[in-house]
Asker: 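First, the structure itself, so that you have it in front of you.
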Amino acid sequence: MNDHRLAARLATEAGALLLGVRAELAEADPADRRAAGDRRAHRFLMAELAAARPDDAVLSEEGADDPARLAASRVWIVDPLDGTREFAEPARVDWAVHVALWSDGDLVAGAVALPAQRRTLATPQVAAPPPAPGTPRVVVSRTRPPAAALTVCDRLGAVQVGMGSAGAKVAAVVAGEADVYVHAGGQYEWDSAAPVAVARAAGLHTSRLDGSALRYNRADPLLPDVVVCRPEYAAAVCAALR
C-alpha cells in the first residue's frame, strides 16, 4: 500500500473508531467522551503506523515528542481527533482525523477524514472546488473568530461561515462550501499538516499569514497561523493581512 492510500485508510478507520466511541459513550460526561476519543484514536494510529511503516517517525498531538524525528527522513504528522469540542456534541459533524506524511523537507501525502460526514479527502488527487459565488465566504471559528479573519472579511466584503475544527474548515474550502480559511492565534503542525496537503492537491493556495511557506517537522511544532484559500483570492487575502 502506498503512502497516499495508507494515510486515507488510517484516517478513515480512526474515524470509524471514533464514531464507535461516540456511540458507546453517548450518555457519558462530554469530557470523558473527548478524552476517550483522543486516547483510543491515538493508540490506533500509533499501532497501525508501527506495523505498516516501522522505520518512520511519528509526531502526534497526543503523544510525547521524540526529538529523533528531526533527523528522520520520513515523519507522519497526525491529529487523532481534531475538534474535540465538536466530537463531544452528538449532533455536530465538523470534526476530523488528520494523517499526513512529511518527507525530506515537505508534505508528500495526507488525508483528512470527516467521520460524521462519511467522507475522506486524500492525496494525491483531490477534486478542485466548483466555481465560487459572487460574494467570498470566509470560514471562521464558530466560537472565537480571529481578528485576522474578520479583517479579511471586511477587506473582501466577505461573509462569515462558522465551523468547528481546522480540518473541517479546510475541507469546506476544498469542497467549495467556503472560499478562504484564515487562522491566527495558535496552532501546531498536526492541526494543519494533513489539511494543507489535501488543499495543495486540490490546487488551493496555502501559506503563513505573511505569504511565506508553511514548514513542518521543526524542532518547535508550534505553527500558529495559516491561510488556505482559492488561488484567485490569495493576493487580496495576503494584502489584507499585511
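Because the structure is predicted, anything quoted here is derived from the model rather than measured.
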Asker: Hey, any chance Val99 and Leu223 share a hydrophobic cluster, counting ILVMFWY side chains that come within less than 4.5 Å of each other, even indirectly?
Answerer: no
Asker: Just jot down the salt bridge (Lys or Arg N to Asp or Glu O under 4.0 Å) partners of Asp32, sequence neighbours excluded, or say none.
Answerer: none
Asker: In sequence, state the C-alpha distance, the side-chain angles, and the governing distance for Val161 and Val140, and then conclude on side-chain contact (heavy atoms from CB on, under 4.5 Å).
Answerer: CA-CA 6 Å; Val161 179; Val140 299; over 6 Å; no
Asker: For a 4.5 angstrom cut-off between non-hydrogen side-chain atoms, does Val138 reach Gln160?
Answerer: no
Asker: Ignoring hydrogens and geometry beyond distance, is a side-chain donor-acceptor pair present between Arg200 and Thr206 at under 3.5 Å?
Answerer: yes
Asker: Can a donor-acceptor pair be found, under 3.5 Å and without considering hydrogens, that links the side chain of Ser103 to the backbone of Ser73?
Answerer: yes
Asker: Taking the side chain from Asp82 and the backbone from Gly167, do they hold a donor-acceptor pair closer than 3.5 Å?
Answerer: yes
Asker: Answer yes or no: is there a side-chain heavy-atom contact under 4.5 Å between Ser60 and Trp76?
Answerer: no
Asker: Kindly give the heavy-atom pair with the smallest separation between Val198 and Gly110, and that separation in Å.
Answerer: CG2-O, 3.8 Å
Asker: Is it true that a side-chain atom of Asp66 and a backbone atom of Arg69 form a donor plus acceptor pair closer than 3.5 Å?
Answerer: no
Asker: Taking only residues two or more places apart in sequence or in another chain, which ones pass side chain to side chain contact (heavy atoms under 4.5 Å, CB included) with Leu17?
Answerer: Val21, Arg40, Phe44
Asker: Under 4.5 Å between any side-chain heavy atoms of Leu49 and Asp56, yes or no?
Answerer: no
Asker: With rounding to the nearest 0.5 Å, note down the distance linking CG in Asp38 to CZ in Arg33.
Answerer: 13.0 Å
Asker: Does Asn217 use its side chain to pair, donor to acceptor, with the backbone of Val75 at less than 3.5 Å?
Answerer: no
Asker: Set out, in order, the CA-CA distance, both residues' side-chain angles and the distance that settles side-chain contact (heavy atoms from CB on, under 4.5 Å) for Val227 and His205, then state yes or no.
Answerer: CA-CA 8 Å; Val227 175; His205 167 87; 4.1 Å; yes
Asker: Just do the salt bridge (Lys or Arg N to Asp or Glu O under 4.0 Å) check on Arg85 and Glu89 with the steps written out, would you?
Answerer: CA-CA 7 Å; Arg85 178 181 301 180; Glu89 298 179 29; 5.6 Å; no
Asker: Would Val78 and Leu81 show up in the same hydrophobic cluster when neighbours are defined by side-chain heavy atoms closer than 4.5 Å?
Answerer: yes
Asker: Indicate the ring-plane relationship of Trp190 and Tyr188, choosing parallel, tilted or perpendicular according to the 30° and 60° boundaries.
Answerer: parallel
Asker: Working to the nearest 0.5 angstrom, can you tell me the gap between Thr151 OG1 and Leu156 CG?
Answerer: 11.0 Å
Asker: Answer whether the closest heavy-atom distance between the side chains of Leu204 and Pro231 falls below 4.5 Å.
Answerer: yes
Asker: Can you confirm whether Pro129 sits close enough to Glu177 that some side-chain heavy atom of one is under 4.5 Å from a side-chain heavy atom of the other?
Answerer: no
Asker: Looking at residues at least two apart in the chain, or sitting in another chain, which of them share a ring pair (Phe, Tyr, Trp, His ring centres under 6.0 Å) with Trp102?
Answerer: none
Asker: Does Asp94 form a salt bridge (Lys or Arg N to Asp or Glu O under 4.0 Å) with Arg92? I'd like the steps, not just the answer.
Answerer: CA-CA 6 Å; Asp94 48 345; Arg92 298 207 66 89; 2.8 Å; yes
Asker: With sequence neighbours left out, which residue pairs that include part of residues 109-120 fulfil the side-chain hydrogen bond (donor to acceptor under 3.5 Å, both in side chains) condition?
Answerer: Thr12-Thr120, Gln117-Arg119
Asker: Hey, could you give me each pair passing side-chain hydrogen bond (donor to acceptor under 3.5 Å, both in side chains) that has a residue in residues 225-241? Not counting sequence neighbours.
Answerer: Asp179-Arg230, Arg208-Asp225
Asker: For the atom pair CD (Glu61) and CG (Asp191), what is the distance rounded to the nearest 0.5 Å?
Answerer: 6.0 Å
Asker: Are Asp104 and Arg74 close enough for a salt bridge, meaning some N to O gap below 4.0 Å?
Answerer: no
Asker: Going through the checks in order, is the side-chain contact (heavy atoms from CB on, under 4.5 Å) test met by Trp95 and Thr84?
Answerer: CA-CA 7 Å; Trp95 51 278; Thr84 52; over 6 Å; no
Asker: With a 4.5 Å limit on heavy-atom distance, are the side chains of Pro224 and Leu222 in contact?
Answerer: yes
Asker: Would a hydrophobic clustering, with Ile, Leu, Val, Met, Phe, Trp and Tyr connected at side-chain separations under 4.5 Å, put Leu209 with Val228?
Answerer: no
Asker: Is Arg53 atom CZ crowded by more than 12 heavy atoms from other residues, nucleotides or ligands, each under 6.0 Å away?
Answerer: yes
Asker: Rounded to the nearest 0.5 Å, how far does CG of Leu121 lie from CG of Leu114?
Answerer: 6.0 Å
Asker: With a 4.0 Å cut-off, would you call Arg9 and Glu48 a salt bridge?
Answerer: yes
Asker: Considering the options Val174, Val182, Val139, which one meets the side-chain contact (heavy atoms from CB on, under 4.5 Å) requirement together with Lys169?
Answerer: Val139
Asker: Please check this pair: side chain of Arg22 against backbone of Phe87, looking for a donor-acceptor N/O pair closer than 3.5 Å.
Answerer: yes
Asker: Would you indicate whether the side-chain heavy atoms of Leu101 and Leu107 approach each other to under 4.5 Å?
Answerer: no
Asker: Check for a donor-acceptor pair, side chain of Arg137 on one end and backbone N or O of Val159 on the other, with a separation under 3.5 Å.
Answerer: no
Asker: Quick one: do Glu62 and Arg39 satisfy side-chain contact (heavy atoms from CB on, under 4.5 Å)? Show the steps, please.
Answerer: CA-CA 7 Å; Glu62 301 305 319; Arg39 182 176 62 254; over 6 Å; no
Asker: Indicate if Leu59 and Val226 have the same hydrophobic cluster label, given that clusters are the connected sets of ILVMFWY residues with side-chain heavy-atom separations under 4.5 angstrom.
Answerer: yes
Asker: Please list, chain by chain and in numerical order, all residues satisfying side-chain hydrogen bond (donor to acceptor under 3.5 Å, both in side chains) with Ser212, sequence neighbours excluded.
Answerer: Asp210
Asker: Checking the side chain of Thr123 only, and the main-chain atoms of Gln125 only, is there a donor and an acceptor separated by less than 3.5 Å?
Answerer: no
Asker: Using a 4.5 Å cut-off on heavy atoms from C-beta on, say whether the side chain of Val196 contacts that of Val170.
Answerer: no
Asker: Same cluster or not: Leu6 versus Val97, using hydrophobic residues (I, L, V, M, F, W, Y) connected whenever any side-chain heavy atoms lie under 4.5 Å apart?
Answerer: yes
